[in-house]
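Quantities reported herein were computed from a predicted structural model and do not represent experimental measurements.
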Amino acid sequence: MNTPNPALRESATFDRGVISEIQRAAETGIYDIRGWGAKRKLPHFDDLLFLGASMSRYPLEGYREKCDTDVVLGDRNAKFPLHLDIPITIAGMSFGALSGQAKEALGRGASEVGTSTTTGDGGMTPEERGQSKNLVYQYLPSRYGMNPDDLRKADAIEIVLGQGAKPGGGGMLLGQKITERVAGMRTLPMGVDQRSACRHPDWTGPDDLAIKIIELREITNWEKPIYIKVGATRTYYDVKLAVKAGADVVVVDGMQGGTAATQDVFIEHVGIPTLAAIPQAVQALQELGVHRSGATGRRSVQLIVSGGIRSGADVAKAMALGADAVAIGTAALIALGDNSPRYAKQYEELGSAAGFYDDFQAGRDPAGITTQDPDLSKNLDPVEGGRRLANYLRVLTMEAQTLARACGKSHLRNLEPEDLVALTVEASAMARVPLAGTTWIPGAM
Ligand SMILES: Cc1cc2nc3c(=O)[nH]c(=O)nc-3n(C[C@H](O)[C@H](O)[C@H](O)COP(=O)(O)O)c2cc1C
């Protein structure tokens, strides 16, 4: 291997990644498509710290005093809101992007710990419905697999306006993943690349959306909570309009949010970080009087946050900033067994490495998760995958409880911005919590 001469200076502007991308583009004439979320360094939850209790605050005993974790989603209008045991839900990921085994494993894992999972851009599979105690049905611009009977079989409906990885863009599923079953569910030809719509065909703004929401409520007998999911951009306005249109729950997905496939340029250059989006969403909800703060303040519209949630600390920080729950995508796939060192050799053969594999669109995932190949899919045992996911969700919950107790909170929902400080000026300005050791929040009046 050639070791570069240490005297050579690498350019910060044209670093080796940039050079190699220019060379790749020049060689192939095609843009780079990949899965996963933004890989650049962004202000994130790591830039926040909790102020554990000491003299001026009183902590709870970790092993003796309770810290509850349940959450109710969608009780504004729905006859049957979702009652979840933990505030960590599984984000929408399509059958097509994921194998049937992966969808089943997600349902098994989520149900074991009393939380929900979500369909995706491709319809509802019997594996997923069968194994999910609480299943949220996505209603997407593409309408792939949309079926009024499945709407009625769901426990909640999520109208997807956008994703954090690609706000303003549509989905992508390359031909190699469009097998007979996927094509049948989406009414598409087999083996042909599919680029789905970036906007819904039958409304242009919130007034039309309000009518659509009433239609959805009527066909489901006003039983199901209606969520609206937006990719984080102009979050303050989008959340206000989502509530005005009738959402019971608003899902805000930041730019670190994962995707099954889109252009790299989109993932890295569109949207705002999750950290910046939460306070904007909370401000919008508070101004509408649907997100009263304080320990007993009832929140009539709930906020779910996603995009880069990895640990119990991330969960607790998102909730302290005002989320009622979080959703996870990428981390759930890793927990199932994706990017496992067990498949290191196979990832290498694909020109990747365990921990780096992001070519979900290629459908050759040796772990059997982001594939439709029947032989590869067999590598994922849905029971074992479900067990791993349930373990991971338990760990996230225990970690979040540990932090909440240290802040003196007997319920995760009682965490508040006052429990947090920021490590950097950027994070302080975005999260609207003081820079550590000061009372200063840049930009605050
Ligand atoms: C493989 C994969 C498939 C996805 N498919 C969909 C989809 O069909 N509909 C959707 O709204 N979001 C989809 N997403 C985005 C997730 O719902 C979620 O917004 C995102 O993964 C959250 O960020 P995280 O991956 O950092 O947890 C997908 C994400 C992944 C990783």
Side-chain angles (χ1 to χ4, degrees), residues 72-84 89-96 103 106-107 110-111 115-163 170-171 182 184-188 196-230 238-239 241-251 253 290 300-304 325 327:
V72 178
L73 297 172
D75 57 350
R76 177 156 89 135
N77 295 296
K79 283 188 201 159
F80 304 132
L82 254 57
H83 290 260
L84 305 182
T89 65
I90 305 301
M93 292 182 276
S94 67
F95 169 70
K103 291 301 273 176
L106 292 172
S111 300
T115 190
S116 60
T117 183
T118 312
T119 62
D121 199 4
M124 185 188 283
T125 61
E127 292 97 319
E128 189 176 30
R129 177 62 283 188
Q131 295 302 333
S132 304
K133 193 161 161 265
N134 296 289
L135 182 60
V136 183
Y137 185 64
Q138 283 200 332
Y139 190 75
L140 295 114
S142 69
R143 299 286 195 277
Y144 289 144
M146 213 312 271
N147 177 339
D149 291 328
D150 289 342
L151 276 174
R152 294 189 194 103
K153 281 186 212 153
D155 301 294
I157 297 162
E158 179 169 292
I159 300 173
V160 178
L161 299 194
Q163 276 177 242
V182 174
M185 282 179 67
R186 299 183 183 214
T187 333
L188 286 171
S196 57
C198 65
R199 54 171 202 254
H200 286 258
D202 47 2
W203 78 77
T204 51
D207 294 334
D208 300 349
L209 178 54
I211 298 169
K212 178 56 73 182
I213 288 180
I214 291 175
E215 269 176 32
L216 291 172
R217 290 200 195 282
E218 282 179 355
I219 32 175
T220 53
N221 195 26
W222 289 74
E223 289 174 357
K224 330 267 177 202
I226 308 264
Y227 300 10
I228 293 184
K229 173 175 179 176
V230 292
D238 291 340
V239 170
L241 292 172
V243 174
K244 178 178 180 290
D248 300 316
V249 175
V250 182
V251 183
D253 190 28
V290 294
S300 54
V301 172
Q302 289 81 34
L303 174 66
I304 300 181

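Counting heavy atoms from C-beta outward, D121 and S196 have side chains that approach closer than 4.5 Å. A 4.5 Å side-chain heavy-atom check between L73 and P225 finds every atom pair outside the cut-off. Residues L82 and V249 form no side-chain contact, since every pair of their non-hydrogen atoms from C-beta on lies 4.5 Å or further apart. The shortest side-chain heavy-atom distance between I228 and I213 falls under the 4.5 Å cut-off. Residues H200 and I159 have side chains in contact (heavy-atom distance under 4.5 Å, counting atoms from C-beta outward).
Rounded to the nearest 0.5 angstrom, L188 CG and Y144 OH are separated by 4.5 Å. Distance CD/E215 to CG/L209: 10.5 Å, rounded to 0.5 Å. To the nearest 0.5 Å, atoms CG (N221) and CZ (F80) are separated by 8.0 Å. To the nearest 0.5 Å, the span separating CG on D149 from CD1 on I219 amounts to 9.5 Å. One finds the OG atom of S94 at 4.5 Å from the CZ atom of R186 (value rounded to the nearest 0.5 Å). If you take CG on L161 and CH2 on W203, they are separated by 5.5 Å, rounding to the nearest 0.5 Å.
The heavy-atom pair separating S132 from S111 by the smallest distance is CA-OG, 3.4 Å. Closest heavy-atom contact between A242 and V250: CB-CG2, 4.2 Å. Residues A78 and E223 share a closest heavy-atom pair of CB-O, 3.4 Å. Residues G170 and C198 come closest through the heavy atom pair N-CB, 3.5 Å.
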Between V160 and E158, does a side-chain contact (heavy atoms from CB on, under 4.5 Å) hold up when you go through it step by step? CA-CA 6 Å; V160 178; E158 179 169 292; 4.1 Å; yes
From CA spacing to verdict: side-chain contact (heavy atoms from CB on, under 4.5 Å), H83, N134: CA-CA 9 Å; H83 290 260; N134 296 289; over 6 Å; no
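Every residue two or more places apart in sequence or in another chain that forms a side-chain contact (heavy atoms from CB on, under 4.5 Å) with K224 is listed here: I157, T220. In this structure, R199 has no salt bridge (charged side-chain N to carboxylate O under 4.0 Å, His left out) partners at least two apart in sequence or on a different chain. Residues passing the salt bridge (charged side-chain N to carboxylate O under 4.0 Å, His left out) test with D202, sequence neighbours excluded: R143, K212. Applying the side-chain hydrogen bond (donor to acceptor under 3.5 Å, both in side chains) test to N77 and every residue at least two apart in sequence or in another chain returns D248. Scored by the side-chain contact (heavy atoms from CB on, under 4.5 Å) test, D150 finds M124, Y137, N147, K153 as partners (sequence neighbours excluded). Applying the side-chain hydrogen bond (donor to acceptor under 3.5 Å, both in side chains) rule to Q131 yields no partners; only residues at least two apart in sequence or on another chain are considered. Partners of K79 under the salt bridge (charged side-chain N to carboxylate O under 4.0 Å, His left out) rule, at least two apart in sequence or in another chain, do not exist in this structure. Considering only residues two or more places apart in sequence or on other chains, A110 meets the side-chain contact (heavy atoms from CB on, under 4.5 Å) condition with I90, T115, T117. Taking E128 as the reference, K103 meet the salt bridge (charged side-chain N to carboxylate O under 4.0 Å, His left out) condition, with sequence neighbours excluded. Under the side-chain hydrogen bond (donor to acceptor under 3.5 Å, both in side chains) criterion, T118 pairs with no residue at all, not counting sequence neighbours. Every residue was checked against the ring-ring contact (aromatic ring centres under 6.0 Å, His included) condition with W222, not counting sequence neighbours, and none meets it.
A salt bridge (charged side-chain N to carboxylate O under 4.0 Å, His left out) check over residues 129-142, counting only residues at least two apart or in different chains, returns the pairs R129-D155.
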